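Inspection log for the structure reproduced underneath, given as structure tokens.
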2 protein chains.
Amino acid sequence: MANTESLENVVLELRRGVITLAALSQLGTEQYGYSLLKQLSDLGLEVDQGTLYPLLRRLEAQGLLVSVWKLEEARPRRYYIISAEGKKILPKMKKEWAGIVSVMDKMLA
Amino acid sequence: MANTESLENVVLELRRGVITLAALSQLGTEQYGYSLLKQLSDLGLEVDQGTLYPLLRRLEAQGLLVSVWKLEEARPRRYYIISAEGKKILPKMKKEWAGIVSVMDKMLA
DNA sequence: TTGACATACTGTGCTTCACACAGTATAATG
DNA sequence: CATTATACTGTGTGAAGCACAGTATGTCAA
């Protein structure tokens, strides 16, 4: 049945678009990959490890995040936090998101 | 500058996830590709031809849409309309969308 | 009537990226 | 001491939007 499959596909696509924004918005305070993963899932956004870690690296490569290894703790963790550039972009992203939500509100009304 | 580039990327991704839902939601009434394109853009969702036409074909292949050629009009047009299966799935998609929106509300608060 | 523009659809190739899957390794818990 | 949670890295693949290109008809003004 293509039924559930199509639904899942669309849900994946919907979530996909949102992950970057979600991650960036949560990194106003320092976090490492695994803790961010847990936090996102606590808030209701299930993300795969294989999705989040590459995303974090990508965002760092784009200059929206910075990261540091911390070795003092229980075990080595790579902490990420939003960069100055990320801080500039984030509100713009939020605005774009709000725009899309309002467009969809009209459509689904 | 990676700045504007990153922003555009994210915006593209955000919009990307939403296009399927948008298209499907508008095809409660019969439309052909070009008219749907115009309608989406009127409502504020700019979609490329090279994105929409393949999407319509894909949705038809998945059984969520049905299409017919109409030759009587000014020029041949392929009309799409939501299928019975599409009608079953659409409300579920809307629900998923609402869920994502509410999750993002929490995150961006 | 001819040139420009809007309309309307098709097709190819590229790039990006989430996800699946696999692997490594350490802490904590019982 | 074994199992589970923690924490990160890496490869391969498939899906899909988009850029780009192409075809062709209508409409309307100069």
Side-chain angles (χ1 to χ4, degrees), chain A residues 2 5-24 30-42 45-62 64-65 67-80 96 100, chain B residues 2 5-24 30-42 45-62 64-65 67-80 96 100:
Chain A
E5 211 186 306
S6 307
L7 181 58
E8 273 160 36
N9 267 341
V10 170
V11 173
L12 287 185
E13 276 173 53
L14 286 174
R15 196 172 47 216
R16 174 183 187 152
V18 139
I19 295 175
T20 303
L21 179 55
L24 211 54
E30 202 178 46
Q31 291 211 57
Y32 53 96
Y34 197 81
S35 70
L36 178 57
L37 205 67
K38 292 298 167 192
Q39 184 171 327
L40 291 178
S41 115
D42 281 349
L45 192 70
E46 225 67 49
V47 181
D48 196 277
Q49 285 202 6
T51 297
L52 186 63
Y53 284 113
L55 172 64
L56 291 173
R57 279 177 245 139
R58 220 158 40 237
L59 292 179
E60 187 176 22
Q62 287 172 23
L64 306 184
L65 296 179
S67 78
V68 271
W69 276 103
K70 291 206 180 174
L71 307 172
E72 313 88 53
E73 298 177 34
R75 91 184 56 186
R77 288 166 174 159
R78 178 171 219 150
Y79 277 84
Y80 291 88
E96 296 285 349
I100 286 174
Chain B
E5 211 185 304
S6 308
L7 182 59
E8 272 161 36
N9 267 341
V10 171
V11 173
L12 288 184
E13 274 172 54
L14 286 173
R15 195 173 47 216
R16 176 182 185 153
V18 138
I19 295 175
T20 303
L21 179 55
L24 210 56
E30 201 177 46
Q31 291 211 56
Y32 53 97
Y34 197 81
S35 69
L36 178 57
L37 205 66
K38 292 297 167 192
Q39 184 172 326
L40 291 178
S41 114
D42 281 349
L45 193 70
E46 225 67 49
V47 182
D48 197 278
Q49 285 202 6
T51 298
L52 186 62
Y53 284 113
L55 171 65
L56 291 173
R57 279 178 244 138
R58 218 158 42 237
L59 292 178
E60 187 176 23
Q62 287 173 22
L64 306 184
L65 297 179
S67 77
V68 272
W69 276 103
K70 290 207 179 173
L71 307 171
E72 314 89 51
E73 299 179 33
R75 89 185 57 187
R77 286 168 176 158
R78 178 169 219 152
Y79 276 84
Y80 291 89
E96 296 284 350
I100 287 175

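What you are looking at is a predicted structure, and each value in this text was computed from that prediction instead of being measured. All heavy atoms count here, side chains included; hydrogens, waters and symmetry mates do not.
Residue B/Arg58 has its side chain nearest to D/dG17 when only C/dC19, D/dG17, D/dC8 are considered.
Closest-nucleotide positions on DNA chain D for B/Leu12 and A/Trp69 were compared, and the one nearer the 5' end corresponds to A/Trp69.
Of all the residues in residues 32-40 of chain B, not one reaches under 4.0 Å from DNA chain D with any non-hydrogen atom.
The two residues A/Val47 and A/Leu37 have their closest heavy-atom pair at O-CD1, 3.4 Å. Minimum interatomic distance between A/Leu36 and A/Ala23 (heavy atoms only, all atoms of both residues): CD2-CB, 4.3 Å.
Rounded to the nearest 0.5 angstrom, A/Lys38 NZ and A/Gln31 CD are separated by 12.5 Å. In this structure, A/Glu60 CD and A/Leu55 CG are separated by 11.5 Å, a value rounded to the nearest 0.5 Å. Taking CZ from A/Arg16 and CZ from B/Arg16, the interatomic distance works out to 4.0 Å, rounded to the nearest 0.5 Å. To the nearest 0.5 angstrom, A/Thr20 atom OG1 is 6.5 Å from A/Arg58 atom CZ. The distance from atom CD of A/Gln49 to atom OG1 of A/Thr51, rounded to the nearest 0.5 Å, is 10.0 Å. The structure places CG of B/Leu65 at 5.5 Å from CG of B/Leu24, a figure rounded to the nearest 0.5 Å.
Look at CG on B/Leu14: it is 14 Å from P on D/dG17, rounded to the nearest Å. The distance from atom CD of B/Glu60 to atom P of C/dT10 is 10 Å, rounded to the nearest whole Å. In this structure, A/Glu8 places its CD atom 10 Å from P of C/dA20, rounding to the nearest Å. If you take CZ of B/Arg16 and P of D/dA16, they are 8 Å apart, rounded to a whole angstrom. As a whole-Å value, the separation of B/Leu52 CG from C/dG11 P is 15 Å. Taking atom CZ of residue B/Arg57 and atom P of nucleotide D/dA16, one finds them 14 Å apart after rounding to whole Å. Look at CD on A/Glu13: it is 17 Å from P on D/dG14, rounded to the nearest Å. Atom-to-atom, CZ of A/Arg15 to C1' of C/dA18 comes out at 9 Å; the value is rounded to the nearest Å.
Taking side-chain N and O atoms only, B/Tyr53 has no distance below 4.0 Å to OP1 or OP2 of C/dT10.
Under the ring-ring contact (aromatic ring centres under 6.0 Å, His included) criterion, B/Tyr32 pairs with B/Tyr79, not counting sequence neighbours.
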* Structure fact -> 5' to 3', nucleotides 21-30 of chain C under a 4.0 Å protein heavy-atom cut-off (B base, S sugar-phosphate only, - none) gives -----BS---

